[in-house]
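The first residue in the sequence is number 1, and the count goes up from there.
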Amino acid sequence: MIDLINLTKKFDKNIAVNNVTASIPDGAICGLAGSNGSGKSTLLRMLSGVYEPDGGTVLIDGKRNFENMEVRGKCYYISDYPFFSNNATVSKLKKYLSGIYPNWDEEYFRQLSAYFPIRHDAKIINMSKGMQRQAALLLAFSTKPKYLFLDEIFDGLDPVIRQTLKKLIVQNVTDNNMTTVIASHNLREFEDICDTMILLHNGDIVSNTKIEEMRSKAFKVQIAFSDDVTPDIFKGLNTRNIMQNGRYFTLLIQGDEDSIRNRLAELNPAFVEMLPLTLEEMFITEMGGAGYEVF
């Protein structure tokens with residue numbers, strides 16, 4: 001269990017994370033998303049113990065994580081730009097990591113090597129961006145972490161490796177109750193893997209809920225009218241991002257499904273259809289409520 005309690009981080013006068021409180025249950029696959037500069041990477045670095053909070057606390061299994069080797073031994077963090085020394089190879093890092101991670105699994109390492117076909121004796125720094133990420137993932141999963149923190153991990157991976165990564169995450173969640181937090185701008189990668197999502201804007205939490213709950217309170221509506229109307233017809237509805245093409249409108253609406261259907265029926269449309277939102281549309285809806293509107 002991860003508990004964030006009044007968590008704050010500042011850089012000079014800039015507040016990167018502002019008094020954040022949230023919980024992430026064991027076995028969750030949590031997507032961490034937000035506007036540019038919202039504090040995603042900073043929050044992830046505090047979760048992993050790289051940054052010490054300026055205020056508040058990160059508790060992992062009820063214990064503070066910063067400079068706590070017992071807790072750090074349960075966690076593995078891959079940054080958005082993984083650092084490798086000039087002479088680092090998979091073989092050398094395997095020897096190092098197997099000595100500090102108590103759950104290192106040599107047999108699992110050999111199994112995963114078939115999915116990540118990387119030369120273990122080659123200098124990682126000379127590899128492509130995607131291959132460097134594969135090296136980092138091979139080593140990360142072999143530590144058998146209870147908590148896995150990934151920052152923009154899909155960037156640079158080809159479609160096959162992206163699917164392999166997702167399957168490995170789900171497999172480890174199912175078999176070992178691993179908790180995963182993934183920060184990414186690409187919400188499409190969250191669609192078929194994440195069960196919860198935390199949204200950040202200007203260092204504050206906009207939303208922290210299960211994705212299915214988010215889907216149940218926001219909808220994409222396609223609606224058409226026989227006569228000319230203006231967007232003012234939707235007053236009284238909690239709308240976001242109204243798009244008009246003549247008498248045809250596409251809009252995002254937050255609220256109770258039955259209430260929305262009844263209100264739309266009162267407008268006497270020629271056609272109306274309510275559709276579930278994609279995660280990108282959910283992002284637009286939730287962030288719009290925080291003042292981060294689409295132009």
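- Among residue pairs with one or both ends in residues 135-151, those qualifying as salt bridge (charged side-chain N to carboxylate O under 4.0 Å, His left out) are Asp61-Lys146, Asp105-Lys144; sequence neighbours excluded.
- Among residues at least two apart or in separate chains, there is no salt bridge (charged side-chain N to carboxylate O under 4.0 Å, His left out) pair with a member in residues 10-36.
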Please tabulate, for the side chains in residues 219-232, all donor-acceptor contacts under 3.5 angstrom to protein atoms that are two or more places apart in sequence or on a different chain.
from, atom 1, to, atom 2, distance (Å)
Lys220, NZ, Glu281, OE2, 3.3
Asp228, OD1, Arg247, NE, 2.8
Thr230, OG1, Asp232, N, 3.4

Under 3.5 Å donor-acceptor pairs involving side-chain atoms of residues 134-143, not counting sequence neighbours:
from, atom 1, to, atom 2, distance (Å)
Ser142, OG, Leu138, O, 2.8
Thr143, OG1, Ala140, O, 2.7

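- Applying the salt bridge (charged side-chain N to carboxylate O under 4.0 Å, His left out) rule to pairs touching residues 112-136 yields Arg119-Asp121, Lys129-Asp155, sequence neighbours excluded.
- In this structure, the ring-ring contact (aromatic ring centres under 6.0 Å, His included) partners of His120, at least two apart in sequence or on a different chain, are Phe109.
- With sequence neighbours left out, the side chain to side chain contact (heavy atoms under 4.5 Å, CB included) criterion links Glu152 to Asp80, Ser184, His185.
- Apart from Leu44 itself, the hydrophobic cluster it occupies contains Ile2, Leu4, Leu7, Phe11, Val17, Val20, Ile24, Leu32, Leu43, Met46, Leu47, Val50, Tyr51, Val58, Ile60, Val71, Tyr77, Tyr147, Phe149, Val181, Ile198, Leu200, Ile205, where clustering links Ile, Leu, Val, Met, Phe, Trp and Tyr at side-chain heavy-atom distances under 4.5 Å.
- For the side chain to side chain donor-acceptor pair (under 3.5 Å) condition, the pairs that include at least one residue of residues 204-213, sequence neighbours left out, are Asn18-Asp204, Thr209-Glu213.
- Hydrophobic cluster of Met243: no remaining members, since no ILVMFWY side chain lies below 4.5 Å from it.
- The NE2 atom of His201 sits 10.5 Å away from the CG atom of Asn36 when rounded to the nearest 0.5 Å.
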Could you give me the CA-CA distance, side-chain angles and deciding distance for Asp3 and Ser23, then say whether side-chain hydrogen bond (donor to acceptor under 3.5 Å, both in side chains) is met?
CA-CA 5 Å; Asp3 290 301; Ser23 294; 2.7 Å; yes
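- The ring-ring contact (aromatic ring centres under 6.0 Å, His included) check on Phe190 picks up nothing, with sequence neighbours excluded.
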Donor-acceptor pairs are to be reported for all side-chain atoms of residues 265-275 against protein atoms at under 3.5 Å, with residues two or more places apart or in another chain.
none

